[in-house]
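Heads up, the thing below is written out as C-alpha cells.
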Amino acid sequence: MTRIQKEASKESLLINMGPSHPAMHGTIRIMLELDGEVVRNSEVEVGYLHRGFEKTCEHKTYFNLLPYTDRLNYVSPLINNLGYVMTMEKMLEIEAPERAQYIRVIMSEFSRVSDHLTALAAMTMECGAFTVFLYYIQAREEIWNFIEQTTGARMTTSYIRIGGVRADLHPDFKGLMDKAMKVTRRVLKDVKGLLDKNKIWIDRTRDIAVVNPEMAVNYGFTGPCLRASGVSYDVRKAHPYLVYDQLEFEVPLGDKGDNFDRYMVRMKEMEQSLRIIEQAVEKMPDSASRAGLMVKGIEPDEAIKASRSKKAEERVNLSPNLQGSEKDVRPDILVKGKKYTVPPKEDTYTNIEGLINHFKFFMSGHGIRPPKGDVYFSVEGGNGELGFYIVSDGTDNPYRLHLRAPCLHIVSALEEMIKGHYIADIIPTFGSTNMIGGELDR
Amino acid sequence: MENKKVIEALKKTFPEKVTEIPDRLGDTIVRIEKDALLNIMEFLKNRPCEFTMLLDLTCVDYLSSKGCFEMVYHLFSISSNNRIRIKTEVRKNELDIDSLSDLWKNTNWLEREVFDMFGINFKGHPDMRRLFMYEGFEGYPLRKDYPLRKRQPKIPLRRLT
C-alpha cells in the first residue's frame with residue numbers, strides 16, 4: 001500500500017501516471033487522486049533509474065570514476081565532469097591553466113544551452129508545439145556537432161579532466177562554433193516569435209504551478225527554477241569559479257514563479273550563455289603550440305624503432321586531436337606534475353620513465369591520492385547547483401562520494417506544485433522542472 | 001552575518017554542544033551534539049543567521065573505524081552568501097536522529113534517501129519509507145559492509161487490490 005492509497009477518499013479516482021508514459025521522460029511514477037479532472041493529491045515515486053552511482057564510485061579510483069559522471073545528467077555531461085573535477089581540484093589544491101579554464105567555460109556554457117534547449121523542447125512539445133520542438137532540437141544538434149568535433153563524443157564526453165581538459169580545442173573549432181551560435185540565436189528568435197505572445201501557450205503556462213520565493217528556498221530550489229521565482233542566486237555569481245568573475249553576464253529573474261516564468265528564464269539564460277561564450281573566445285589566451293601543431297614529425301613506428309637504440313627526441317606524428325602528439329599542447333591545457341595527470345603518450349611509448357609514470361598512475365593503490373578530509377564544491381549546472389561532497393581517507397578511491405542533484409529538490413516539490421491543477425497541467429509543470437532521471441536517481 | 005560571527009553566536013547560545021573543526025580548504029565546519037540538532041538548526045535558520053536553504057543532507061559510514069555514522073548537513077544563506085557544514089554523530093547502538101521536516105521541506109526526500117541507503121531512522125518524519133530502492137529490498141546498500149555486487153532475489157509481482 002502506498003501512502004496515497006491509504007489516504008485517498010473513497011469517492012475519488014486513483015490513477016497511475018508512469019513510470020512508462022510518454023510524458024514521464026525518464027522514468028518516474030506519479031500516482032494521482034483525482035476529482036474529475038482536478039488533482040486532489042498525488043504521490044511521486046522515483047528510483048526507477050537507480051544505478052548505485054555513489055556505491056560504484058566508492059569502488060573506483062578518482063581517475064576511473066570520471067566517465068560515470070557523464071551519465072548523471074546526460075544532456076549536459078560536460079558540466080557534470082566539471083563539477084566532479086573542480087571538487088577534486090579543490091581537494092588537491094591545484095588549478096588548471098588559464099586556457100583550459102576558458103575552454104571549460106565555453107564547454108559548460110554550450111552544455112547549459114543544450115540542457116535548456118532539451119528541457120524546453122520537451123515541455124513545449126508536450127503542449128502541442130511540435131514545430132518549436134524541432135527548432136530546438138535542430139539547435140541542439142549543431143551544438144553537439146561542435147562538442148563532438150573537440151571531445152570526440154556527443155554525450156558521454158569525459159572531456160574535462162582533473163587538472164585541465166583532455167585535449168585542446170579542434171584547430172577548426174571556430175567554424176562549427178559560429179554555426180552553432182548562429183543557429184541557436186535564430187532558433188531563439190523564432191521561438192520567441194512563436195510562443196511569447198501565443199494565447200494557447202500563455203493559457204497553458206501562466207499562473208500554473210506557482211512557486212513563491214519562500215517555498216522555492218524552503219524546498220532547496222536552485223538554478224532556473226529558483227530564479228523564475230525571483231530569488232537571485234546563481235553559483236557563477238555567488239561563488240565564482242573558473243573565470244566567471246572576469247566575464248560579463250546577467251542573471252535573469254522571473255517574477256511569478258509559474259511555468260511561463262520558468263520557460264522565460266531559460267530562454268533568457270541561453271542568450272546570456274551565448275554572450276559568455278563570445279567573450280570567452282575573445283579573451284582566451286592563444287595556445288603557445290598552435291603553430292607547432294602543424295610541424296611534421298616522424299611516424300610512430302619509426303619513433304618506436306628509434307627508441308630501441310636511443311632516447312627519442314623527435315616529434316612523433318600523431319593525430320593533433322585526442323590521442324595525439326600532446327606534449328607540446330599540454331602546458332596550455334593541463335596542470336604540471338605527473339601526480340595528477342596521465343603522462344603524455346609520446347613518453348609512455350618511447351621512454352622508460354614515461355612508461356613507469358604511466359604505470360604508477362594507473363596501478364591500484366597509487367594514482368591520485370588526495371589528503372585525508374572532506375570537501376564540498378558546487379558548480380552551476382543546467383538544473384541548478386550541482387554539488388559534490390567527497391570524503392577522502394588518503395587512498396586512491398573515495399571513501400564516500402555524494403552528489404547534490406539539483407533536480408531531486410525540485411521534483412520533491414512536484415506534489416505540491418500540481419495540487420489543485422488539471423491533469424493536463426501536470427505535463428508542462430513536470431517538463432518545466434527538467435527532471436533528469438540519471439541525476440535524480442543516481 | 002559572517003560565518004565567524006555565526007560560530008561565536010552558536011558557541012554562546014549552545015555551549016558544550018558545538019565545536020568548530022578547522023579546515024585546510026577554508027570551509028566552515030561545525031560539529032554538534034546529536035541531541036541539540038533541532039534547536040541548533042532552528043537557530044541557524046532564523047534571524048540573524050538566516051541560513052534559509054538546506055543545500056544538502058547526507059550520511060557517511062564510519063561504523064568500522066569509529067562505530068558511528070556521521071550526518072552531514074550543508075546550509076546556505078542567500079542573504080550573506082555563506083555556506084556552513086554541520087556534522088553530527090549517530091552512534092551504532094541508537095540509530096535514530098531528529099527529523100528536520102518541520103524546518104525544510106526537501107528533507108522529506110533527503111531523509112528518506114538516507115534511511116534507504118544507511119538505515120538511519122528519523123524521528124518525526126511524516127513518511128519514513130525507502131526512496132530509491134523497492135519495498136522488500138533487504139539491507140542498506142551504501143553501508144560499507146554491503147557488498148558491491150550483492151544480488152537480491154526477484155520479488156514476485158504483487159496483485160493490486
Side-chain angles (χ1 to χ4, degrees), chain A residues 1-3 5 14 16 43-52 54-56 58-59 90-91 93 213-222 226 231-233 237-239 371 373-378 385 387 389 391 393 399-400 402-405 408-413 415-416 440-442, chain B residues 21 23-27 29 45 50 52-62 65 70 72 74-79 81-85 87 103-110 112-114 116-117 126-127 129-135 137 141-144 146-150 158 160-161:
Chain A
M1 283 274 268
T2 54
R3 194 194 71 215
Q5 281 174 309
L14 281 178
N16 205 12
E43 184 181 353
V44 178
E45 195 178 270
V46 294
Y48 292 93
L49 211 62
H50 180 68
R51 294 140 8 246
E54 291 172 9
K55 184 84 178 171
T56 316
E58 285 172 18
H59 290 80
K90 181 178 175 188
M91 196 173 218
E93 295 179 275
E214 292 77 36
M215 177 181 160
V217 171
N218 203 289
Y219 265 109
F221 276 33
T222 43
L226 177 69
V231 183
S232 175
Y233 170 57
K237 287 272 187 205
H239 305 275
D374 55 345
V375 63
Y376 176 83
F377 190 85
S378 62
E385 176 163 348
Y389 175 68
V391 181
D393 57 350
Y399 187 76
R400 171 99 171 94
H402 175 74
L403 170 80
R404 185 216 184 260
L408 184 130
H409 303 253
I410 298 166
V411 175
S412 74
E415 288 169 17
E416 205 173 318
L440 195 153
D441 294 346
R442 276 162 279 154
Chain B
I21 308 173
D23 184 53
R24 80 185 157 92
L25 302 167
D27 294 349
I29 311 177
K45 191 191 169 189
E50 282 193 317
T52 44
M53 194 189 276
L54 178 80
L55 273 185
D56 196 18
L57 175 167
T58 189
C59 182
V60 188
D61 176 356
Y62 289 112
S65 53
E70 194 176 72
V72 183
H74 284 96
L75 305 186
F76 176 64
S77 157
I78 294 178
S79 56
N81 193 17
N82 279 328
R83 290 192 189 126
I84 191 168
R85 188 181 309 152
K87 292 180 174 180
L103 295 173
W104 289 286
K105 286 179 178 166
N106 53 347
T107 51
N108 188 327
W109 276 23
L110 291 167
R112 275 177 66 188
E113 188 195 339
V114 171
D116 188 357
M117 297 292 159
D127 186 21
R129 282 181 298 138
R130 287 183 180 275
L131 182 67
F132 292 143
M133 310 313 284
Y134 46 88
E135 240 175 273
F137 185 88
L142 274 180
R143 284 193 186 181
K144 290 282 173 188
Y146 190 94
L148 177 64
R149 294 196 177 274
K150 184 174 173 184
R158 273 169 295 162
L160 287 179
T161 46

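No experiment lies behind these values; they were computed from the predicted model shown. Each chain gets a letter, A, B and so on, in the order the sequences are listed, and its residues count up from 1.
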Say you draw a straight line from NZ of K150(B) to NZ of K55(A); how long is it, rounded to the nearest 0.5 Å?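 If I round to the nearest 0.5 Å, the distance is 10.5 Å.
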I need the S77(B) OG to K45(B) NZ distance, nearest 0.5 Å. 12.5 Å
Evaluate ring-ring contact (aromatic ring centres under 6.0 Å, His included) for Y62(B) paired with Y399(A), printing each intermediate quantity in order. CA-CA 10 Å; Y62(B) 289 112; Y399(A) 187 76; 5.5 Å; yes
Contact leader toward chain A among [options], where contacts are heavy-atom pairs under 4.5 Å:
options	result
F76(B), W104(B), Y134(B)	F76(B)
L55(B), L54(B), N108(B)	L55(B)
R24(B), M133(B), M117(B)	R24(B)

Side-chain ion pair, R85(B) and D374(A), N-O less than 4.0 Å: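 Answer for the salt bridge query: yes.
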Carboxylate-amine/guanidinium contact R442(A) E54(A), below 4.0 Å: yes
With a 4.5 angstrom heavy-atom cut-off, which part of [X] approaches chain B: side chain, backbone, both or neither?
X	value
V231(A)	side chain
Y389(A)	side chain
V46(A)	both
I410(A)	neither

Between L57(B) and chain A, with a heavy-atom cut-off of 4.5 Å, which part of the residue counts as in contact: side chain, backbone, both or neither? backbone
Using heavy-atom distances under 4.5 Å, tell me whether R112(B) contacts chain A through its side chain, its backbone, both, or neither. neither
Please name all residues satisfying salt bridge (charged side-chain N to carboxylate O under 4.0 Å, His left out) with R51(A), sequence neighbours left out, ordered by chain then number. none
Of the listed residues ([options]), which shares the most heavy-atom pairs with chain B below a 4.5 Å separation?
options	value
H59(A), H239(A), E58(A), M215(A)	H239(A)
A405(A), G373(A), A216(A), P371(A)	P371(A)
L440(A), V217(A), T222(A)	V217(A)
V391(A), T56(A), L408(A), L49(A)	L408(A)

Decide salt bridge (Lys or Arg N to Asp or Glu O under 4.0 Å) for R404(A) and D56(B); before the verdict, give the C-alpha distance in whole Å, the side-chain angles of both, and the deciding distance to 0.1 Å. CA-CA 6 Å; R404(A) 185 216 184 260; D56(B) 196 18; 5.6 Å; no
By the definition side-chain hydrogen bond (donor to acceptor under 3.5 Å, both in side chains), identify the one residue from H409(A), E416(A), E214(A) that meets it with Y219(A). E416(A)
For E385(A) and R83(B), run salt bridge (Lys or Arg N to Asp or Glu O under 4.0 Å): C-alpha distance rounded to whole Å, both residues' side-chain angles, the deciding distance at 0.1 Å, then the answer. CA-CA 13 Å; E385(A) 176 163 348; R83(B) 290 192 189 126; 3.4 Å; yes
